[in-house]
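This report concerns only the one structure given below.
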There are 2 protein chains.
Amino acid sequence: MKTRDKILLSSLELFNEQGERNVTTNHIAAYLAISPGNLYYHFRNKSDIIYEIFQEYEKLVDFYLDIPEDRLLTLDDMTFYLESVFDGLWSYRFFHRDLEYLLDRDPRLRSDYREFTNRCLAAISRIFEKLADAGIVEPQPEGLRAAMSLNVWLVITNWMAFLKTAHAAKASACLTIHELKQGIYQVLTLELPYLTPAYREQVMALREKYRPTMPEQKGMLESPAY
Amino acid sequence: MKTRDKILLSSLELFNEQGERNVTTNHIAAYLAISPGNLYYHFRNKSDIIYEIFQEYEKLVDFYLDIPEDRLLTLDDMTFYLESVFDGLWSYRFFHRDLEYLLDRDPRLRSDYREFTNRCLAAISRIFEKLADAGIVEPQPEGLRAAMSLNVWLVITNWMAFLKTAHAAKASACLTIHELKQGIYQVLTLELPYLTPAYREQVMALREKYRPTMPEQKGMLESPAY
DNA sequence: GACTACCTAGAGTATATACTCTAATAATAC
DNA sequence: GTATTATTAGAGTATATACTCTAGGTAGTC
């Protein structure tokens with residue numbers, strides 16, 4: 001593999017594991033056993049590395065959220081969207097952690113991320129619309145759909161942060177993609193009241209699959225209620 | 001005012017305005033026109049300052065979220081809870097921004113924050129329960145209430161981050177408490193499907209008061225839909 | 001072999017950051 | 001007044017971080 005690609009890959013790995021704030025360019029170089037000079041030959045600065053990683057992330061999510069316009073959506077489609085989005089979130093999980101700082105540092109990133117958010121919100125809203133077309137959820141007026149989509153976005157993008165902060169031990173280590181996907185349970189909770197009678201049972205069953213297994217799993221206290 | 005208190009106050013102010021990551025102990029000292037030595041006479045380190053500020057935050061929210069057990073809740077109570085929580089969020093807004101990093105750095109904070117989260121979740125759930133007692137929302141099984149409460153928590157605590165990242169300009173400056181309170185619109189969106197017919201209209205009207213005024217206001221793109 | 005374009009090493013730098021140390025000054029107690 | 005304690009200044013330090021610079025290698029081409 002080209003050195004340039006190795007830098008991107010290792011940076012992502014280290015960022016995900018330790019947080020962007022805790023990973024310096026020197027760390028990355030040391031991890032790859034190359035010189036700092038070499039790293040800076042391939043990238044002008046740390047921001048550029050992050051920006052390229054973001055572009056990969058963006059491309060991935062855009063690919064996942066492509067919505068077929070020539071047919072109705074199925075429950076399987078919905079499951080796929082949810083699974084995919086959480087997979088993406090997992091692969092680039094460092095990104096949302098230090099988002100605000102990163103956007104403050106790089107105007108390109110801020111502007112791109114804003115558009116990315118808008119595309120995602122539009123996609124979520126469109127999915128709701130098509131789920132209504134398919135008779136899975138009740139149709140809703142556009143305004144409500146927009147507000148609901150925003151709530152879905154908030155839950156999705158911040159579920160990981162919640163898990164990490166609710167964990168007893170240090171955040172980075174003990175978090176699995178399996179736990180992360182319990183976020184799907186939360187998203188489906190949002191949809192619950194809007195389901196049509198025809199699909200209610202099926203979606204409830206799907207939701208059950210993502211139910212947090214153990215109270216302890218979620219890092220919650222001993223509250224047995226949960 | 002005592003120097004010690006001035007340090008806490010100014011730190012909070014600077015953290016809120018610039019982010020904890022961008023504010024050093026030297027900055028704080030310079031801002032107060034005192035020496036670094038003086039600052040470190042009053043606080044062992046930066047973590048201790050943050051920890052004390054967190055304790056104030058905690059105390060404030062706990063005070064707000066005290067739920068009367070001797071009477072039914074009213075819509076005014078609900079409004080008060082929402083307004084208060086967002087006020088608290090605003091006053092200590094630096095905190096949620098760098099939460100993960102802060103918790104990784106200070107085990108005391110991690111453990112305290114975890115319990116704080118659990119108290120808040122329990123309070124939200126209890127509010128739902130009492131809103132059902134008051135006939136404002138339909139009663140729900142405990143499991144659903146817990147999941148709903150968690151969604152409410154996710155929306156509340158991450159609404160500000162969304163606003164800041166959706167903003168076109170640099171995050172810190174152009175964000176007002178007024179905009180922040182549009183988060184209440186989102187929270188009420190969550191409650192919408194669970195309202196009783198008797199209260200539906202009233203809550204819808206309340207929700208309208210927090211509707212984002214202009215599409216531009218929310219930092220969204222030119223999507224007119226929103 | 002010589003020219004060129006690409007790649008790499010590694011020492012080095014300017015700046016920042018959290019924090020320390022000593023000595024001096026103010027406040028209080030007796 | 002004197003002894004003691006609390007507070008403050010300000011220079012200084014160890015470490016880290018993002019990034020630079022020079023010199024040298026390597027690969028391909030003619």
Side-chain angles (χ1 to χ4, degrees), chain A residues 1-54 94-95 97-98 100-110 172, chain B residues 1-54 94-95 97-98 100-110 172:
Chain A
M1 201 192 307
K2 295 245 179 201
T3 302
R4 194 188 151 80
D5 295 327
K6 281 198 272 186
I7 292 171
L8 287 173
L9 215 66
S10 300
S11 298
L12 176 58
E13 192 180 328
L14 293 174
F15 288 160
N16 277 339
E17 273 167 19
Q18 302 171 35
E20 179 271 343
R21 189 171 181 173
N22 299 316
V23 177
T24 72
T25 49
N26 292 351
H27 287 151
I28 299 167
Y31 180 78
L32 281 166
I34 64 172
S35 63
N38 195 353
L39 187 146
Y40 278 91
Y41 170 78
H42 290 285
F43 293 94
R44 271 192 10 253
N45 51 43
K46 198 180 171 186
S47 269
D48 276 8
I49 298 177
I50 294 165
Y51 186 62
E52 286 213 21
I53 294 178
F54 166 69
F94 87 94
F95 188 69
R97 171 171 172 167
D98 287 306
E100 286 190 51
Y101 178 80
L102 297 176
L103 298 193
D104 276 352
R105 282 292 172 104
D106 189 342
R108 283 173 311 174
L109 194 61
R110 170 173 294 279
S172 40
Chain B
M1 200 192 307
K2 294 246 179 200
T3 302
R4 193 188 152 82
D5 294 327
K6 280 197 274 186
I7 293 172
L8 286 173
L9 215 66
S10 301
S11 298
L12 176 58
E13 193 181 327
L14 292 174
F15 288 160
N16 277 341
E17 273 167 19
Q18 302 171 35
E20 180 272 342
R21 188 171 181 173
N22 298 317
V23 176
T24 72
T25 48
N26 291 352
H27 288 151
I28 299 166
Y31 180 77
L32 281 166
I34 65 174
S35 64
N38 195 354
L39 187 146
Y40 279 92
Y41 169 77
H42 290 285
F43 293 93
R44 273 195 5 255
N45 52 43
K46 198 179 171 188
S47 268
D48 276 10
I49 298 178
I50 293 164
Y51 186 62
E52 285 213 23
I53 293 179
F54 166 70
F94 87 94
F95 188 69
R97 172 171 171 167
D98 288 307
E100 287 190 50
Y101 179 81
L102 297 176
L103 298 194
D104 275 352
R105 283 291 171 106
D106 189 343
R108 283 173 311 176
L109 194 61
R110 170 173 294 279
S172 39

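We name chains A, B, ... by the order of the sequence lines, and we start the count at 1 in each one. Just the heavy atoms: all of them, side chains too, but no hydrogens, waters or symmetry mates, feed the values below.
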Legend entry - Any A/F15 side-chain heavy atom under 4.5 Å of A/D98 side chain: no
Inset, instruction - Write down the distance between OH (A/Y101) and C1' (D/dT17), rounded to a whole number of angstrom. - result: 11 Å
Inset, instruction - Specify whether A/F95 and A/F54 have parallel, tilted or perpendicular ring planes, treating 30° as the upper limit for parallel and 60° as the lower limit for perpendicular. - result: parallel
Give each protein N/O atom lying under 3.5 Å from an N/O atom of nucleotides 24-29 of chain C, with the pair distance.
none

Legend entry - Atom of B/R21, atom of A/Y101 and distance for their closest heavy-atom approach: NH1-CD2, 2.8 Å
Inset, instruction - Check step by step if side-chain contact (heavy atoms from CB on, under 4.5 Å) holds for B/N38 and B/H42. - result: CA-CA 7 Å; B/N38 195 354; B/H42 290 285; 3.4 Å; yes
Inset, instruction - For the pair A/D106 and A/I50, evaluate side-chain contact (heavy atoms from CB on, under 4.5 Å) and give the outcome as yes or no after the intermediate values. - result: CA-CA 10 Å; A/D106 189 342; A/I50 294 165; over 6 Å; no
Legend entry - Length of the line joining B/D5:CG and D/dA6:P, which is rounded to integer Å: 17 Å
Inset, instruction - Check the distance between C/dA18's C1' and B/L14's CG and give it to me in whole angstrom. - result: 16 Å
Inset, instruction - Can you tell me the distance, in whole Å, between the CG atom of A/N22 and the C1' atom of D/dA16? - result: 13 Å
Legend entry - Exercise: identify the closest heavy-atom pair between B/T3 and B/I34: CG2-CD1, 4.3 Å
Inset, instruction - Check whether any side-chain nitrogen or oxygen of A/Y40 sits under 4.0 Å from OP1 or OP2 of D/dT20, and answer yes or no. - result: no
Inset, instruction - Check the distance between D/dA16's P and B/K46's NZ and give it to me in whole angstrom. - result: 17 Å
Legend entry - Value rounded to 0.5 Å, distance of OH in B/Y40 from CD1 in B/I49: 7.0 Å
Legend entry - Donor-acceptor pair, side chain of A/N22 and main chain of A/Q18, under 3.5 angstrom: yes
Inset, instruction - Using only side-chain N and O atoms of A/T25, determine if any of them is under 4.0 Å from OP1 or OP2 of D/dC19. - result: no
Inset, instruction - Mind calculating the distance between CZ (A/F43) and P (C/dC7) to the nearest angstrom? - result: 12 Å
Legend entry - Annotated protein contacts, base or backbone, on nucleotides 7-13 of chain D with a non-hydrogen cut-off under 4.0 Å, one of B, S, - each: BBBB---
Legend entry - Salt-bridge criterion met for B/R108 and B/D48 (N-O under 4.0 Å): yes
Inset, instruction - Take the protein atom CD of A/E20 and the nucleotide atom P of D/dT17, then report the distance between them rounded to whole Å. - result: 11 Å
Legend entry - Whole-Å distance separating the CD1 atom of A/I7 from the P atom of D/dC19: 13 Å
